[in-house]
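What follows is a set of notes on a single structure, which appears directly below.
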Protein chains: 2
Amino acid sequence: MSYSTRQREAILNTLRRADRPLTPQEIREGANADSAGIGLATVYRALKTFMARKEVLLVEIPGNPPCYEPADRGHHHHFVCDRCRHIFDLRGCVQDLDTLVPRDFSVQRHDITLYGVCAACGTGEG
Amino acid sequence: MSYSTRQREAILNTLRRADRPLTPQEIREGANADSAGIGLATVYRALKTFMARKEVLLVEIPGNPPCYEPADRGHHHHFVCDRCRHIFDLRGCVQDLDTLVPRDFSVQRHDITLYGVCAACGTGEG
DNA sequence: CCAGAATTGAGAATAGAGTATCATGTGTAG
DNA sequence: CTACACATGATACTCTATTCTCAATTCTGG
């Protein structure tokens, strides 16, 4: 049994509203805009509950703090801007990943992260 | 100026001897087999020095502790066994990664990590 | 509305990775 | 060989991310 609370609603809404994975801090700030006074511990507890229900996914990108996003966005990967450090969702995937491993290995999932410069950062400068 | 010491030699040899990225702890153990008494701080200091010289690379894989490997292994990616948690080097890469991003984004590098079951773990069980 | 279970906020506590400190030991140029 | 900068080992410490604690509050079913 888990209760539905205004805090959890605000947290989930914040995640859904965002177009990219958010850090617990960012989630807290967004959720407090909806419903003030939400503590970081509550964010972590809610994320844990949502992850157990497979409603939220953890997005771990080397060099960036852990982020979370709704699980209903389908299979996708991420782009990290080396300048602003923001994470962007990408659509699509690539083929032939299985060919990279020896025949006696079985591949069950994969992560792809692209790094570079996003549109905003690339336009602003040279 | 940096000196060549028995500790650093042992650390570098350990990294070269391995066929996969190692954690600082694993490096320490391996290096101590060569030359006893090497402390963890020394391992970190040596790794820092080697990374500054681009002789060693940091390999960060979500869900696994940070690992290090020699930089002369060329462009490659990694496979993580979900059972034994070991990291394996993979050869080859995939094409068309640039097509995943909007035209006004520029991709400068990428990480690909495959997860599944390695040969040893897959053979041992069903 | 009521009871009891679940949740919350705040801050302390923990965990893991890496760094600082400092007295001592070692490598290298000359 | 000598001087001296650099490196080492042990340990304490920092930093960041996350969990725990606990009293107080909020849900939900009936």
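First the proteins, then the strands, lettered A, B, ... as listed; each starts at 1. Quantities reported herein were computed from a predicted structural model and do not represent experimental measurements.
- A/H78 is linked by a ring-ring contact (aromatic ring centres under 6.0 Å, His included) to A/H76, counting only residues two or more places apart in sequence or in another chain.
- Legend: ring-ring contact (aromatic ring centres under 6.0 Å, His included) pairs involving residues 19-74 of chain B, not counting sequence neighbours: none detected.
- Through side-chain heavy atoms spaced under 4.5 Å, either directly or across other Ile, Leu, Val, Met, Phe, Trp or Tyr residues, B/M1 is tied to no other residue.
- To the nearest 0.5 Å, atoms CG (B/L97) and SG (A/C93) are separated by 9.0 Å.
- Between A/R6 atom CZ and D/dT28 atom P the separation is 14 Å, expressed in whole Å.
- Applying the salt bridge (Lys or Arg N to Asp or Glu O under 4.0 Å) criterion to A/D89, with sequence neighbours excluded, gives A/R73.
- Applying the side chain to side chain donor-acceptor pair (under 3.5 Å) rule to B/N32 yields no partners; only residues at least two apart in sequence or on another chain are considered.
- For the pair B/P66 and B/S2, both in contact range of DNA chain C, the more 5′-proximal nearest nucleotide belongs to B/P66.
- With a 4.5 Å cut-off between side-chain heavy atoms of Ile, Leu, Val, Met, Phe, Trp and Tyr, the cluster of A/V59 takes in A/I61, A/V80, A/I87, A/Y115.
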* To do: Take A/C67 and A/T23 through the test side chain to side chain contact (heavy atoms under 4.5 Å, CB included) and record every step on the way to the result.
  => CA-CA 4 Å; A/C67 293; A/T23 63; 3.8 Å; yes

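- Distance alone, capped at 3.5 Å, is enough to place a donor-acceptor pair between the A/T49 side chain and the A/R45 backbone.
- Separating the CD atom of B/E9 from the C1' atom of D/dT8 is a distance of 15 Å, rounded to the nearest angstrom.
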Atom pairs, protein N/O to nucleotides 2-5 of chain D N/O, distance under 3.5 Å:
from, atom 1, to, atom 2, distance (Å)
D/dA5, N3, B/Y3, OH, 3.3

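- Contacts between chain B and DNA chain C, taken as any atom within less than 4.0 angstrom of a protein heavy atom, begin and end at C/dA17 to C/dT28.
- At least one donor-acceptor pair under 3.5 Å links the side chain of A/N64 to the backbone N or O of A/R85.
- B/E9 and B/S4 are linked by a side-chain donor-acceptor pair at a separation below 3.5 angstrom, with hydrogens and angles left out of the test.
- Rounded to 10 degrees, the angle separating the terminal axes of the helix from C/dC1-D/dG30 to C/dG30-D/dC1 is 50°, with each axis obtained from five end pairs.
- For the OP1/OP2 pair of D/dA7 and a distance below 4.0 Å, the side-chain nitrogens and oxygens of B/R8 include at least one atom meeting the criterion.
- Interatomic distance, A/I11 CD1 to A/T42 OG1, rounded to the nearest 0.5 Å: 6.5 Å.
- For the atom pair CZ (A/R28) and OG1 (A/T14), the distance works out to 12.0 Å, reported to the nearest 0.5 Å.
- Within residues 13-29 of chain B, the residues that place at least one heavy atom under 4.0 Å from DNA chain C are, in residue-number order, B/P24.
- Under a 4.0 Å N-O distance rule, the pair A/E26/A/R20 qualifies as a salt bridge.
- Under the ring-ring contact (aromatic ring centres under 6.0 Å, His included) criterion, the residue pairs touching residues 83-105 of chain B are A/F79-B/F105, A/F88-B/F105, A/F105-B/F88, with sequence neighbours excluded.
- Within residues 40-57 of chain A, the residues approached by DNA chain C to less than 4.0 Å at the level of any non-hydrogen atom are A/A41, A/T42, A/R45, in residue-number order.
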